[in-house]
Protein chains: 2
Amino acid sequence: MLSTEQIIEVMAGQGLRITDQRKTLAKLFGENSDFLSAKEVYEYMGKKYSGLSFDTVYRNLRVMEELDVLEQIVFEDGVKFKVNCSEGHHHHHMICLQCQKTYPITFCPMNLTDTPEQFQVVKHKFEVFGYCQDCQQVTEDDGLVMPTLMNGE
Amino acid sequence: MLSTEQIIEVMAGQGLRITDQRKTLAKLFGENSDFLSAKEVYEYMGKKYSGLSFDTVYRNLRVMEELDVLEQIVFEDGVKFKVNCSEGHHHHHMICLQCQKTYPITFCPMNLTDTPEQFQVVKHKFEVFGYCQDCQQVTEDDGLVMPTLMNGE
DNA sequence: TTGATTGCAAAGTTTTTGCACGTCG
DNA sequence: CGACGTGCAAAAACTTTGCAATCAA
């Protein structure tokens, strides 16, 4: 995973100017491997920069995504960003429906999936949703949570 | 895959009123297994209902998704809907990025996925994207292909 | 210095909500 | 009839764009 310094290095290497705001962004993503929405990033940055504008956050997130510094995934509840897992190490994620934290799954089903050769595979998504250890108490209150795997009907 | 009649049946069985518009929606999805965006649905419906409003389409799509009549997938370019394959047996899909048609994958990676017991799994998604046989040539020459909407009828 | 970066304002998209009228059952 | 569905308008949420002032290199 890219470190804060590596992120800055990549950006500077591509001719981008390293503003204070971009340093903070690099730090945020360099020290945090969760997926963050644009809004969450904005709120975090807003603590430090009083006059921060939403469009600058968007612009920087897009730039960083174009430089492959950030990885962007479309979840059900919107687009989120995370520092790119460099070294081409492919994996998937478990995502907590409560706190949105992600946990890696090293297993990739694609190797085992039997795709007809008529179908030219481009990409795939494998995402497991549920509740992480910290968030499981919270869901008990609701009462109507399925405790185990949803494995078929 | 649910037929037009089955869709109507489910909706009526849940106490929903079967309006003319909902009949048409049931027909659209019952006879079409491609993924359609809300906009595409709106445009299709608009041919028949001159004063149609966008919000009604959204409301009905949401209702149908909540009844599990429709399946909703978030693509990079937005949310799309398709009739649900709730024929009792759990499976996943390959989805053509060009024509949006879907092909079943019987294999479910969830059985093989090693989830730590600290993580309480609620649901999962496994989707393979690519190009189906019919669309592989088309991708070279800047295909002017649209998802096949039924011609007004 | 100078061109990239930012904040601001405004507009473009997509989706949701409140309300009054219309209609299914 | 009465409750649900619809159209209309407006708002909300999210994202992008143009422009002038600012700032990194």
Side-chain angles (χ1 to χ4, degrees), chain A residues 5 7-29 35-67 69-70 72-81 100, chain B residues 5 7-29 35-67 69-70 72-81 147:
Chain A
E5 293 71 27
I7 293 174
I8 291 175
E9 212 169 286
V10 172
M11 295 179 78
Q14 293 293 323
L16 293 189
R17 294 189 176 167
I18 306 307
T19 61
D20 200 60
Q21 220 176 111
R22 284 179 176 165
K23 271 185 208 148
T24 307
L25 271 174
K27 192 155 177 289
L28 172 60
F29 283 105
F35 279 95
L36 301 173
S37 66
K39 196 173 161 191
E40 284 164 342
V41 174
Y42 174 70
E43 276 159 9
Y44 173 85
M45 299 287 288
K47 290 183 202 158
K48 191 164 177 182
Y49 306 93
S50 59
L52 183 68
S53 61
F54 226 135
D55 49 271
T56 303
V57 171
Y58 273 106
R59 273 188 286 236
N60 280 326
L61 287 175
R62 205 186 336 156
V63 165
M64 291 169 84
E65 198 258 330
E66 278 161 7
L67 293 185
V69 162
L70 296 187
Q72 171 183 331
I73 292 194
V74 184
F75 291 97
E76 311 247 328
D77 62 335
V79 178
K80 301 199 175 169
F81 299 85
Q100 312 283 330
Chain B
E5 293 72 27
I7 294 174
I8 292 176
E9 211 170 288
V10 172
M11 295 179 79
Q14 292 293 321
L16 293 189
R17 292 188 179 167
I18 307 307
T19 62
D20 199 60
Q21 218 176 113
R22 284 180 176 164
K23 272 187 207 145
T24 307
L25 271 174
K27 190 155 179 293
L28 172 60
F29 283 105
F35 279 95
L36 301 173
S37 67
K39 197 173 162 190
E40 284 163 343
V41 173
Y42 174 68
E43 276 159 10
Y44 171 84
M45 298 287 288
K47 290 182 201 158
K48 191 163 175 182
Y49 305 93
S50 59
L52 184 70
S53 62
F54 225 137
D55 49 272
T56 303
V57 171
Y58 272 106
R59 273 188 286 235
N60 280 326
L61 288 174
R62 204 186 338 154
V63 165
M64 291 169 83
E65 198 258 331
E66 278 161 6
L67 293 185
V69 161
L70 296 185
Q72 168 183 331
I73 291 192
V74 185
F75 290 90
E76 310 255 322
D77 62 335
V79 178
K80 301 197 177 169
F81 299 85

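Excluded from the calculations below are hydrogen atoms, water molecules and symmetry mates; all remaining heavy atoms, backbone and side chain alike, are included. Labels below follow one simple rule: chain letters A, B, ... track the order of the sequence lines, proteins then strands, and each chain is numbered from 1. From a predicted model like this one, the values you see are computed outputs, not experimental measurements.
Backbone-only contact: B/Arg22 has heavy atoms under 4.0 Å from sugar-phosphate atoms and none from a base.
Residue B/Ile7 forms a side chain to side chain contact (heavy atoms under 4.5 Å, CB included) with just one option from B/Glu5, B/Glu9, B/Met11, and that option is B/Met11.
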* Asked: Could you go step by step and tell me if A/Val57 and A/Tyr44 meet the side-chain contact (heavy atoms from CB on, under 4.5 Å) rule?
  -> CA-CA 11 Å; A/Val57 171; A/Tyr44 173 85; over 6 Å; no
* To do: For B/Tyr49 and B/Thr24, run side-chain contact (heavy atoms from CB on, under 4.5 Å): C-alpha distance rounded to whole Å, both residues' side-chain angles, the deciding distance at 0.1 Å, then the answer.
  => CA-CA 10 Å; B/Tyr49 305 93; B/Thr24 307; 2.5 Å; yes
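Distances shown here put every side-chain N or O of B/Gln21 at or beyond 4.0 Å from the OP1 or OP2 atom of C/dT23. The side chain of B/Ser53 places an N or O atom within less than 4.0 Å of a non-bridging phosphate oxygen (OP1 or OP2) of D/dG7. Contact check, B/Thr56 against D/dG5: no side-chain N or O comes under 4.0 Å of OP1 or OP2.
Counting only heavy atoms from C-beta on, A/Arg17 has its side chain closest to D/dC23 among C/dT15, D/dA9, D/dC23. Among the nucleotides D/dT15, C/dG7, D/dC8, the one closest to the side chain of A/Leu52 is C/dG7. Candidate nucleotides D/dT15, C/dT14, C/dC24 were compared by shortest atom distance to the side chain of A/Ala38, and D/dT15 ranks first.
If you measure from atom CD of B/Glu40 to atom C1' of C/dT14, you get 14 Å, rounded to the nearest angstrom. Rounded to an integer number of Å, the gap from B/Leu67 CG to D/dC4 P is 14 Å. For A/Tyr58 and C/dT13, the OH to C1' distance is 12 Å, given to the nearest whole Å. When rounded to the nearest whole Å, the span between CG of A/Asp55 and C1' of C/dA9 equals 9 Å. Rounding to whole angstrom units, CD of residue B/Gln14 and P of D/dC4 are separated by 14 Å. Atom CD1 of A/Ile18 is separated from atom C1' of D/dA24 by 10 Å (rounded to the nearest Å). For the pair B/Met45 CE and D/dG5 P, the computed distance is 14 Å after rounding to whole Å. Distance B/Ile8 CD1 to D/dG5 P: 15 Å, rounded to the nearest Å.
Aromatic ring orientation, A/Tyr42 versus A/Phe54: parallel (interplanar angle below 30°, classes split at 30° and 60°).
Judged by distance alone, the side chain of B/Arg22 and the main-chain N or O of B/Ile8 form no donor-acceptor pair under 3.5 Å.
In terms of position on DNA chain D, the residue among A/Lys39 and A/Arg62 whose nearest nucleotide sits closer to the 5' end is A/Lys39. The residue among B/Gly78 and B/Thr19 whose nearest nucleotide of DNA chain C is located toward the 5' end is B/Gly78.
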